[in-house]
Amino acid sequence: MKNTYVAKLTFDSVKVGSGLDAALKKKRHEVIDEISASGLKGRGGAGFPTGVKWNLTASAAADEKFVVCNADEGEPGTFKDRVLMTKYADLLFEGMTIAAYAIGASRGYLYLRGEYEYLRKGLEEVLEKRRKAKLLGPKGKGRDFSFDIEIRMGSGAYICGEETALIESMEGFRGEPRNRPPFPVDTGFYKRPTAVNNVETFLWAASIMSKGAKWFKAIGTERSAGLKIFSVSGDCDRPGVYEFPMGISVMQLLDKVGARNAKAVQIGGASGICVPTSEFNRKIAFEDISTGGSIIVFGPGRDMLHIAKNFLEFFVEESCGQCTPCRVGNAKLIEGVEMLEKGECSTDYLNELCKLGETMQLASKCGLGQSSPNAFLSIIKHFNKEIMGRCPAI
Ligand SMILES: Cc1cc2nc3c(=O)[nH]c(=O)nc-3n(C[C@H](O)[C@H](O)[C@H](O)COP(=O)(O)O)c2cc1C
Ligand code: SF4
């Protein structure tokens, strides 16, 4: 944190307490209407509309409901949630409390990445402060519902960031994705309706309740409203945590972070896509290039095959092994990359590997396997000359 550059973020200007006060003056469904009107979509990567998620959880019939903050942050190149939890824990817990009010939840959980254990003490202190101020706990201070938040630790498995694997892990089982449907909004933690949202999503929800849906909706693009927090790393002058409006072009972003000679940018972490210079005019938005916020810049000297291999090694390590396309597919892709490195992969076999990657995208059970070939496929597509130069001539 000490060494991470953090740009000025909107959350600095949101008065803690103002969002919850505004929410509690509204009826539960009006809070959900406000979030829906803002156009807020989940900031964890998939971009599911937050208002829809909260509405589905609120409408599900059950004796108990839960709010879960996904703070697993395992995507390579992502560190914004770590910074957000360090700087804005109070506002984050306020966002979770607003969600609890809106959906009718009595308990909240923050699922914290195992490597962030050192953040736990500070987070617990903020929770205790909120309990003392009657902002958490039994009914009180304008709250006609009881709600408290508990921290649950992850253990360093990337797959536990996938919401159903996260729920399995919270229930004390091995972190493996569940079959969907049913979805957590209906059958989540202990089979109860559960709204799982990213750290940043809760912070925007609290900010929207404070500043109004219109403020958020006026920023960004028609289909991707608002602002987004990015973790920028790699070959640039100023790596760090930034806030930009949705719809910013790759080129504009690179300019702001001092990346002048980038050869490629990995957008969305290991599971994202590798964007070449010819596509730097594309937009970072749900309708074009979608991302949970990880931006890794590659300078002119980088070996693209080495990058593909590095991401594939990550997926071989992190696959939970439940389904064949992901378990076997990633191992086969890496074998192919090793053949390319030795100059032993024919163009025909490389084409077969690309078909395998497409099958993995379609047939894998969860988002990990579905997205694991993305970097490999986009590198083969956009850096064909560099890669094909390693195939033996026929
Ligand atoms: C393999 C994998 C890892 C994930 N890791 C995270 C994570 O660390 N944090 C996160 O918020 N979402 C992560 N997600 C997405 C979650 O499943 C879920 O969509 C998200 O927490 C929903 O929150 P949002 O709607 O606020 O984005 C991951 C998904 C997959 C497939
Ligand atoms: S796609 Fe991979 S991580 Fe997901 S269930 Fe299948 S083996 Fe597990």
Side-chain angles (χ1 to χ4, degrees), residues 35 40-54 56-57 67-82 84-85 92 95-96 99 109-116 154 156-170 174-180 183-185 188 194-205 224 226 228-229 231 268-272 286 290-294 311-312 314-331 333 359-374:
I35 296 296
L40 176 65
K41 289 183 177 169
R43 294 318 200 220
F48 191 81
T50 308
V52 174
K53 184 178 281 187
W54 289 12
L56 289 168
T57 319
V67 170
V68 174
C69 175
N70 188 342
D72 198 50
E73 196 166 52
E75 188 68 55
T78 313
F79 43 91
K80 52 136 187 132
D81 290 346
R82 167 172 61 85
L84 296 177
M85 284 187 284
L92 164 64
M96 290 178 70
Y109 295 89
L110 181 122
Y111 187 88
L112 187 61
R113 177 183 168 146
E115 291 87 340
Y116 293 171
Y158 172 59
I159 191 57
C160 288
E162 194 281 335
E163 59 186 7
T164 62
L166 181 154
I167 290 169
E168 285 285 303
S169 159
M170 278 189 19
R174 190 184 154 108
E176 289 182 343
R178 293 177 176 172
N179 287 326
R180 303 190 309 171
F183 294 94
V185 288
T194 306
V196 183
N197 280 117
N198 175 252
V199 171
E200 188 190 334
T201 310
F202 284 118
L203 283 166
W204 288 125
S224 304
K228 172 87 194 87
I229 311 295
S231 317
S271 57
F286 296 115
S290 181
T291 173
S294 165
F311 286 138
L312 286 170
F314 171 76
F315 287 117
V316 167
E317 180 77 22
E318 297 294 340
S319 165
C320 84
Q322 238 192 116
C323 68
T324 312
C326 171
R327 186 186 63 245
V328 179
N330 280 305
L333 292 185
T359 305
M360 290 162 66
Q361 288 174 325
L362 289 171
S364 294
K365 175 172 167 173
C366 84
L368 188 149
Q370 288 157 11
S371 61
S372 59
N374 289 355

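Order of appearance sets the numbers: ligands from 1, and atoms from 1 within every ligand. Here, residue 1 is the first one in the sequence, and each next residue gets the next number.
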Provide the closest heavy-atom pair for S294 versus P76 in the form atom of the first, atom of the second, distance.
OG-O, 3.1 Å
Taking G293's backbone N and O only, do any of them form a donor-acceptor pair with T291's side chain (distance below 3.5 Å, no angle check)?
yes
Testing I35, T50, L40 one by one against W204 for a side chain to side chain contact (heavy atoms under 4.5 Å, CB included), which residue passes?
L40
Please answer whether the main-chain N or O of G42 pairs with a side-chain N or O of T201 as donor and acceptor at a distance below 3.5 Å.
no
As an exercise, identify every atom of ligand 1 less than 4.0 angstrom from a heavy atom of Y158.
1 (C), 3 (C)
Heavy-atom donor-acceptor pair, S169 side chain to A165 backbone, under 3.5 Å:
no
Using a strict cut-off of less than 4.0 Å between a Lys/Arg side-chain nitrogen and an Asp/Glu carboxylate oxygen, indicate whether K228 and E200 qualify as a salt bridge.
yes
Pairwise distance CG(L110) to CE(M96) - rounded to 0.5 angstrom
5.5 Å
When you measure from the side chain of Q361 to the backbone N and O of P373, does any donor-acceptor pair fall under 3.5 Å?
no
Close N or O approach (N197, ligand 1; < 3.5 Å)
yes
Give me the nearest non-hydrogen protein atom to atom 22 (C) of ligand 1 as residue plus atom name, then the distance to 0.1 Å.
K53 NZ, 3.4 Å
Going by heavy-atom distance to atom 9 (N) of ligand 1, choose the closest among N70, L40, V68.
N70
Have a look around atom 6 (Fe) of ligand 2 and list protein N/O/S atoms under 2.8 Å, or say none.
C323 SG
For I159, the atoms of ligand 2 under 4.0 Å from one of its heavy atoms are 3 (S)
List ligand 1 atoms under 4.0 Å from E163, heavy atoms only on the residue side.
16 (C), 17 (O), 18 (C)
Quick note on ligand 1: atoms under 4.0 Å from a heavy atom of G367 include exactly 31 (C)
Is there side-chain contact between S372 and F314, with heavy atoms separated by less than 4.5 Å?
no
Kindly say whether A71 contributes a backbone atom to a donor-acceptor pair with the side chain of D81 at under 3.5 angstrom?
no
Would you say L368 has any N or O atom under 3.5 Å from an N or O of ligand 1, going by distance alone?
no
Short N or O distance, I159 and ligand 1, threshold 3.5 Å exclusive
no
Please report which non-hydrogen protein atom sits nearest to atom 8 (O) of ligand 1, along with the residue it belongs to and the distance in Å to one decimal place.
E73 N, 2.9 Å
Compute the minimum heavy-atom distance from E75 to ligand 1 and say whether it is under 4.0 Å.
no
Flag the pair E168 and R178 as a salt bridge only when some basic side-chain nitrogen lies within less than 4.0 angstrom of an acidic carboxylate oxygen.
yes
Using modelled atom types only, decide if a donor and an acceptor are shared between the side chain of E73 and the backbone of R113 within a distance under 3.5 Å.
no
Within-shell test, G74 vs ligand 1, heavy atom, strictly < 4.0 Å:
yes
Contact atoms of ligand 1, heavy-atom distance to D72 under 4.0 Å:
8 (O)
To the nearest 0.1 Å, how far is atom 11 (O) of ligand 1 from its closest protein heavy atom, and which atom is that?
N198 ND2, 2.8 Å
For atom 13 (C) of ligand 1, grab the closest protein heavy atom and report residue, atom and distance to one decimal in Å.
G161 O, 3.3 Å
Report yes or no: is the cationic atom of R180 (NZ for Lys, CZ for Arg) under 6.0 Å from the centre of the six-membered ring of F183, at an angle within 45° of the ring normal?
no
If the threshold is 4.0 Å, N to carboxylate O, is there a salt bridge linking K365 and E162?
no
Which residue and atom name correspond to the protein heavy atom nearest atom 27 (O) of ligand 1, and how close is it?
G44 N, 2.7 Å
I229 and L203, any side-chain heavy atoms less than 4.5 Å apart:
no
R43: numbered ligand 1 atoms lying under 4.0 Å from its heavy atoms:
26 (O), 27 (O)
T201: numbered ligand 1 atoms lying under 4.0 Å from its heavy atoms
24 (P), 26 (O)
Check each heavy atom of E162 against ligand 1 and say whether those closer than 4.0 Å belong to the side chain, the backbone, both or neither.
both
